[in-house]
Amino acid sequence: MKINLDIIAEELSAFSPRRAGRKKSDTTAPNLQGVGLYHSQSSLSPEICYAVDADSISDSFICPFGITLTVMGNTAGLLPDTADADILILDRGDAQCTFSDMFNALNSVFLKYQAIDTRLSSAVMKNAPLQEILKIGEALFGNPLILFDKNYCILGEADSRLEKLELVCDKWSDSKMLSIDTVNAIKTSPEYRRASESSDICFVSEEYFAYNTLFAPVEGSGSPLTLAVMETNCPLTRVHRQLALYFSGILRLALGRNHLSSGHSLRFEDFLKELLYDTQIEQAVIDRYLLAMNWKNGDNYLLVTFQTNRFDKINSIYNNICGNIEKQIPESFAFYFEDNLLTVINLDQARLTKTDAVHMLSIFLREGLFHAGISYIFFDFSTFSSYYKQALGALEMGEKYSPHEWCYDFEDYVLHYFMHYGTSRIDGRHLCHPGVVQLYIYDSKNNTNLLETLRAYLDCGGNAVLTAQKLYIHRNTLYQRLKKINGIIHTNLDNANVRLFIMMSYTFVDLLGLTPVES
């Protein structure tokens with residue numbers, strides 16, 4: 001582990017350190033890995049902090065270019081600030097403190113950080129639990145550490161010393177987490193707002209949180225986590241920001257060697273599984289979990305289910321596959337559930353159409369010899385389980401009627417599914433043609449009547465004259481409405497199966513007393 005003069009100055013604060021020399025603008029760069037005695041005739045390294053006795057410095061002393069120098073004692077102004085080196089001057093204080101004492105103190109700083117680095121590296125290589133790595137890391141800061149996931153759930157255990165920290169229990173995982181009010185308070189702090197734009201380390205004062213705290217992002221190939229350094233024993237300083245950067249890198253390595261490397265927020269995965277088990281979850285809770293992914297209810301989503309029963313069920317294999325899927329498709333989340341791999345895609349955030357998303361998966365699917373079932377596009381996560389059933393239904397019907405294909409869209413097999421199971425497995429509204437749902441939403445938002453216009457047109461066998469008479473409108477008005485309808489549903493009404501599908505959708509709504517969208 002390399003350190004810098006800022007860290008050395010803080011560790012040796014008892015010697016009243018002050019800076020001299022060129023005072024480089026990038027003083028936070030860790031560039032030093034050891035200490036040595038300065039000799040003008042020897043070859044000097046930019047990675048060594050050289051110690052020199054102030055008594056040996058005279059008017060003729062020429063500071064070498066580009067080195068780091070620690071001067072022990074009073075230089076009496078013999079080292080100007082213009083010297084082209086990084087210089088730290090330590091005051092001996094009383095005469096009892098010798099040069100050897102100060103040199104040993106300087107050397108002990110390097111030994112301390114090298115020992116911590118060795119312990120951390122060993123823990124990472126041994127796949128030690130995160131809690132153990134955090135405990136070792138406390139020696140860097142002199143304060144307790146906590147690691148949060150994207151939902152501000154604590155990974156590990158809450159430190160018993162943090163008496164003022166108010167936590168709530170996450171009902172899905174039994175983990176401790178920050179309350180919504182606490183998270184909102186943190187996010188209103190000025191530095192958090194500034195840091196959030198650049199994913200930088202930020203300081204949040206006890207005015208907004210239980211303690212003065214440094215929040216450091218831990219980002220890598222997976223879901224971002226947050227390291228919190230809470231001021232309970234030692235005041236937080238600029239040096240702690242530098243150490244937090246180093247320790248975040250250690251945590252990235254640790255996470256890269258265990259099951260979290262798949263890029264998952266475990267809490268979000270648990271949440272989705274609860275939805276698949278048809279657990280009733282309040283809308284506010286759903287919104288919170290989606291917000292953790294920077295998603296929201298109302299975005300357009302697609303669920304793809306991959307049949308994996310031809311593979312050995314080894315978690316590491318599934319984690320790698322999930323990671324590959326998430327790399328292949330932006331704004332996607334993949335996880336394993338009941339012998340299947342599921343992928344949720346936020347089409348709006350990824351700026352993809354359904355066709356685009358499937359096309360991006362095509363090479364992956366064919367090379368992996370997967371079969372995939374695809375749900376309707378949906379926007380309400382409270383009905384998530386219905387779309388999982390759609391994807392499973394698409395797989396079942398697709399393999400039965402089109403075994404030579406690899407990708408099955410439920411929209412293409414909904415009639416087959418209905419012939420087999422009716423509405424016994426999937427709510428009738430979730431068997432409706434997507435165009436009927438889209439027209440219902442459009443009518444609700446725009447106070448139009450396109451849904452009934454389409455129904456009348458199909459009832460009249462596609463005869464425009466009869467439809468216009470039935471609706472008491474002019475034929476030109478009807479043609480304008482039909483053009484608008486085609487622009488919304490993007491469906492070929494000349495296809496007999498499409499017309500049958502749409503008429504069946506109206507029947508589902510009528511007979512079952514439903515609306516195309518759940519209220």
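Residues: numbered from 1 along the sequence shown.
Of the possible donor and acceptor atoms, one in the side chain of Arg193 sits under 3.5 Å from a partner among the backbone N and O of Thr188. Distance alone, capped at 3.5 Å, is enough to place a donor-acceptor pair between the Thr98 side chain and the Asp101 backbone. Asp356 contributes no side-chain N or O that, together with a main-chain N or O of Lys354, makes up a donor-acceptor pair within less than 3.5 Å. Counting only distance, with no hydrogens or angles, the side chain of Asn143 and the backbone of Cys234 share a donor-acceptor pair below 3.5 Å. Between the Gln114 side chain and the Gln33 main chain, a donor and an acceptor come within less than 3.5 Å of each other. The backbone N or O of Thr118 sits nowhere less than 3.5 Å from a side-chain atom of Ser121 that would complete a donor-acceptor pair. When atom types are taken as modelled, the side chain of Asn104 and the backbone of Ser100 share a donor-acceptor pair closer than 3.5 angstrom. No donor-acceptor pair closer than 3.5 Å links the side chain of Ser122 to the backbone N or O of Arg119. Formation of a donor-acceptor pair under 3.5 Å by the Glu331 side chain with backbone atoms of Asp348 is not found in this model. Side-chain atoms of Thr279 come within 3.5 Å of backbone N or O of Glu274 as a donor-acceptor pair.
Of all the heavy atoms in Ala228 and Thr213, the pair that sits closest is CB-CG2, 3.9 Å. Contact detail for Leu32 and Pro46: the closest heavy-atom pair is CD2-O, 3.8 Å. In plain terms, the two heavy atoms of Tyr50 and Ser45 that are nearest each other are OH-N, 2.7 Å. Minimum heavy-atom separation, Ser332 to Ile325: OG-O, 3.8 Å. The minimum heavy-atom distance linking Ala51 with Leu106 is given by the pair CB-CD2, 4.2 Å. When all heavy atoms of Gln349 and Asp299 are compared, the pair lying nearest together is NE2-OD2, 3.6 Å.
A salt bridge between Glu138 and Arg161 is present, with a side-chain N of the basic residue lying under 4.0 Å from a carboxylate O of the acidic one. Taking the charged nitrogens against the carboxylate oxygens, Glu10 and Arg238 have no contact shorter than 4.0 Å, which rules out a salt bridge. Asp287 has no carboxylate O lying under 4.0 Å from a charged side-chain N of Lys296, or vice versa, which leaves the two without a salt bridge. Ion pairing between Arg241 and Asp200 fails under the 4.0 Å rule for side-chain N and carboxylate O.
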Decide side chain to side chain contact (heavy atoms under 4.5 Å, CB included) for Ile116 and Met1; before the verdict, give the C-alpha distance in whole Å, the side-chain angles of both, and the deciding distance to 0.1 Å.
CA-CA 9 Å; Ile116 295 173; Met1 176 182 180; 5.6 Å; no
Can you list the steps and then say if Tyr387 with Phe379 is a ring pair (Phe, Tyr, Trp, His ring centres under 6.0 Å)?
CA-CA 11 Å; Tyr387 295 94; Phe379 53 85; 8.5 Å; no
Given Phe209 and Phe215, is the ring pair (Phe, Tyr, Trp, His ring centres under 6.0 Å) satisfied, shown in steps?
CA-CA 11 Å; Phe209 192 44; Phe215 288 97; 5.7 Å; yes
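With contacts defined as side-chain heavy-atom distances shorter than 4.5 Å, the pair Cys49/Ile8 qualifies. Counting only heavy atoms from C-beta outward, the side chains of Tyr113 and Glu11 approach each other to under 4.5 Å. Considering only heavy atoms from C-beta on, Arg252 comes within 4.5 Å of Val218 through its side chain. Side-chain contact between Leu120 and Ile133 is present, with at least one heavy-atom pair separated by less than 4.5 Å. Residues Leu392 and Asn340 meet the side-chain proximity criterion, which asks for heavy atoms closer than 4.5 Å. Side-chain contact between Leu162 and Thr232: present, with at least one pair of heavy atoms (C-beta onward) separated by less than 4.5 Å. No side-chain heavy atom of Ile89 sits under 4.5 Å from any side-chain heavy atom of Pro17. Residues His371 and Phe306 form no side-chain contact, since every pair of their non-hydrogen atoms from C-beta on lies 4.5 Å or further apart.
Between the CG atom in Leu236 and the CZ atom in Phe141 there is a gap of 9.0 Å [rounded to 0.5 Å]. Rounding to the nearest 0.5 Å places CD of Glu231 at 9.0 Å from CG of Leu214. Note that CG of Leu134 and CD1 of Ile250 are 12.0 Å apart. Values are rounded to the nearest 0.5 Å. Note: Ser386 OG to Leu303 CG = 11.0 Å, rounded to the nearest 0.5 Å. Residue Asn346 holds its CG atom at 11.5 Å from CZ of Arg351, rounded to the nearest 0.5 Å. Distance NE2/His359 to CD1/Ile329: 11.0 Å, rounded to 0.5 Å.
Ring centroids of Phe337 and Tyr277 are separated by less than 6.0 Å, placing the two rings close together. Aromatic pair Trp295/Tyr301: ring centres closer than 6.0 Å. For Phe203 and Tyr192, the gap between ring centers reaches or exceeds 6.0 Å.
Among residues two or more places apart in sequence or in another chain, the side-chain hydrogen bond (donor to acceptor under 3.5 Å, both in side chains) test is passed with Glu132 by none.
Of the residues listed (Ile146, Ile180, Leu178), the one engaging Tyr152 in a side-chain contact (heavy atoms from CB on, under 4.5 Å) is Leu178, and it is the only one.
Note: Phe384 and Phe381 have parallel aromatic rings, judged against thresholds of 30 and 60 degrees for the angle between ring planes.
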